[in-house]
Amino acid sequence: MKPWERVVFGLIALTVLAAIGVKLHELDMPVARFVRSFDIDELNRIGDLVALPGQGVVVAGAFIVIALIGWRRQRDQLGPMAVSRAGLIEWVRTWWPQRDQLTDIGVRGLLAQLSIAGAIQILKHLIGRPRPRFAHGDELVLGPSLDSGLDSFPSGHAANAFGAATVLAWFFPAVRVPLFLVAGLVAVSRVLRGSHFPTDVWAGAVLGVVIGSMAAVGLKRWPSDALPDLLRTYVPVAVSTFAILWVLLHPAPAWSHEVISLGVGIALVLAGGLVGGLAWTYLEGEDKSPLRIFGRLLLVIGVAVGCAPWWAAGLLVVVLVPLGLAGLHLERVPAPASAHPWATMPVWRREALAVGTALAVLAALRSAQGLIPIG
C-alpha cells in the first residue's frame with residue numbers, strides 16, 4: 001500500500017469509526033435503562049469473572065510471566081553481565097537482538113498495557129463522563145473531574161483486553177478469532193454489568209487495537225505493516241458487528257417501508273453470484289480478480305442493504321469498496337493446486353452455495369430484528 005493510500009484509507013477508517021461512535025451513542029441510555037431493569041447476583045458474578053482478562057493487573061502480570069519465561073530460555077545463551085555501566089550497556093545491546101520470541105511478546109505486550117493505562121487514565125479524568133448508575137437522563141454531562149464514578153469513558157477493561165488480543169494476534173494470527181472473541185466478551189460484560197455505556201467499550205476497543213498494533217510492530221513500522229492489516233481486517237469486522245447489533249436491538253419498521261431495501265438486497269446478492277460465476281468463464285491466463293472481488297463485494301453489501309439501515313450499509317460500502325480497489329493493484333501470485341472440496345467443486349455450484357449462504361444470513365438477520373428489546 002502506497003503512502004498516500006495509507007493516509008486516505010486511514011482517514012476513511014477514522015471517519016467510519018467516528019460515525020459508528022456517534023450512532024452508538026443513541027443506544028447508550030436505552031441500554032443502560034435495560035440493564036437496570038434486572039439485577040441478578042449470579043449474572044453479576046459471571047460478568048465479573050468474564051471481565052478478568054480485561055483487568056490491567058491480570059493482563060500486565062500475564063505478559064510479565066511470558067517475558068520471564070522467554071528470558072529464562074535465553075539467559076544461558078548470553079554471557080554474564082559485568083558490574084559496570086559499560087558492561088550493562090553492552091549486555092543489553094547483546095541481549096535484545098538475541099531475545100526469545102516469548103520475551104519479545106512479553107515486552108511488547110507490557111509496553112502496550114502501560115501505554116493503554118496512561119492514555120485511559122488521562123482520557124477518563126479529562127472527559128469526566130458519569131458511569132451509567134450516576135446518569136439519569138439523556139443529556140451528555142462532560143468535564144474534567146477526579147471524582148469516583150465520573151470516569152466512564154473510555155472503558156479500561158475493553159482497552160486492556162483488545163490491546164492484549166492485538167499483540168498476541170500479531171504473533172499468532174492463527175488464533176486471532178478466539179482472541180478477539182474473548183476481548184469482545186470482556187467488553188460486553190462491562191455493559192451488562194452496568195459499569196459502562198456501549199460507547200465507552202467501543203472507544204476502549206478502538207484505543208486498545210491501535211496502541212496494541214503500534215506496540216506489536218514498533219512505531220517506525222506501524223503505518224506500513226499494521227495499518228493495512230487494520231483496514232482490511234478490523235474495520236470491516238467492526239462495521240459488520242455494529243450493524244448486526246443495531247439490527248438485534250431495533251424492531252423492524254413497517255413492512256411497507258422494508259420491501260424496497262429487502263428487494264434491492266436480494267438483487268445485489270444474486271448479482272454477486274452471477275458476477276462471481278462469470279469471472280471463471282475468462283480464458284486461461286486472463287485476470288479474473290476484478291470480477292471475483294466485485295462479486296464478493298456485492299454479496300456482502302447485498303446482505304447489509306437487505307437487513308441493516310441505509311446508513312449502516314453505506315458505512316460498509318465506504319469501507320469495503322476502497323479496500324477492494326486496492327486489492328486489484330496487489331501483485332498476483334498463482335494459487336497452488338488445492339485438494340479441498342471447495343476448490344474442485346463446479347463453478348456455478350460453488351457460486352450457488354455462496355448465494356444461498358448469503359440469503360440464509362439475510363433471512364436469519366431479518367428474523368432476529370428487534371430480538372433484544374431495549375426500548
Side-chain angles (χ1 to χ4, degrees), residues 44-78 92 95-124 151 154-193 195-196 200-219 221-222 225-226 229-230 233-234 237-238 241:
N44 292 335
R45 283 193 289 268
I46 293 175
D48 293 337
L49 184 63
V50 173
L52 283 177
Q55 286 190 357
V57 175
V58 174
V59 180
F63 279 120
I64 290 175
V65 171
I66 293 174
L68 289 176
I69 293 174
W71 175 78
R72 182 180 178 84
R73 289 173 54 177
Q74 73 175 110
R75 68 177 182 177
D76 297 334
Q77 303 173 8
L78 302 175
V92 172
W95 168 77
W96 184 249
Q98 300 180 28
R99 65 192 181 279
D100 185 84
Q101 187 186 47
L102 290 179
T103 304
D104 202 13
I105 295 172
V107 170
R108 294 180 186 275
L110 184 60
L111 177 62
Q113 291 302 308
L114 292 176
S115 302
I116 289 171
I120 287 293
Q121 291 305 315
I122 292 174
L123 291 174
K124 276 179 176 291
D151 55 353
S155 168
H157 282 74
N160 292 331
F162 276 91
T166 303
V167 172
L168 294 174
W170 181 263
F171 289 95
F172 307 108
V175 292
R176 174 182 296 178
V177 172
L179 286 172
F180 282 101
L181 282 178
V182 172
L185 288 176
V186 171
V188 171
S189 71
R190 302 305 290 164
V191 175
L192 294 180
R193 189 68 175 85
S195 299
H196 286 287
D200 299 338
V201 299
W202 170 253
V206 172
L207 186 65
V209 169
V210 172
I211 295 180
S213 65
M214 294 172 66
V217 304
L219 290 177
R221 296 171 52 202
W222 186 78
D225 290 348
D229 189 58
L230 286 171
T233 306
Y234 301 124
V237 171
T241 303

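For the single chain, residues carry numbers from 1 onward in sequence order. Keep in mind the model is a prediction, meaning the values are calculated, not measured.
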Distance-only donor-acceptor pairs under 3.5 Å for side chains of residues 113-120, two or more places apart:
residue : atom : partner : partner atom : Å
Gln113  : NE2  : Asn160  : O            : 3.3
Ser115  : OG   : Leu111  : O            : 2.9

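- Pairing each heavy atom of Arg190 with each of Val201, the nearest pair is CB-CG1, 4.1 Å.
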Report all side-chain donor-acceptor pairs from residues 57-70 shorter than 3.5 Å, counting only partners two or more places apart or in another chain.
none

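- With sequence neighbours excluded, the residues satisfying ring-ring contact (aromatic ring centres under 6.0 Å, His included) with Tyr234 are Phe180.
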Review item, side-chain donor-acceptor pairs of residues 44-56, under 3.5 Å, at least two apart:
residue : atom : partner : partner atom : Å
Asn44   : ND2  : Asp39   : OD1          : 2.9
Asn44   : ND2  : Ile40   : O            : 3.3
Asp48   : OD1  : Arg193  : NE           : 2.8
Asp48   : OD2  : Arg193  : NH2          : 3.3

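- Within the 4.5 Å cutoff, the side chain of Arg108 has heavy atoms near those of the Phe171 side chain.
- Pairs engaging residues 157-175 under the salt bridge (charged side-chain N to carboxylate O under 4.0 Å, His left out) rule: none recorded [sequence neighbours left out].
- With sequence neighbours excluded, the residues satisfying side chain to side chain contact (heavy atoms under 4.5 Å, CB included) with Leu192 are Val188.
- Considering all non-hydrogen atoms of both residues, Ala215 and Ala112 come closest at CB-CB, 3.7 Å.
- Rounded to the nearest 0.5 angstrom, Phe162 CZ and Leu179 CG are separated by 11.0 Å.
- Taking OG from Ser155 and NE2 from His196, the interatomic distance works out to 3.5 Å, rounded to the nearest 0.5 Å.
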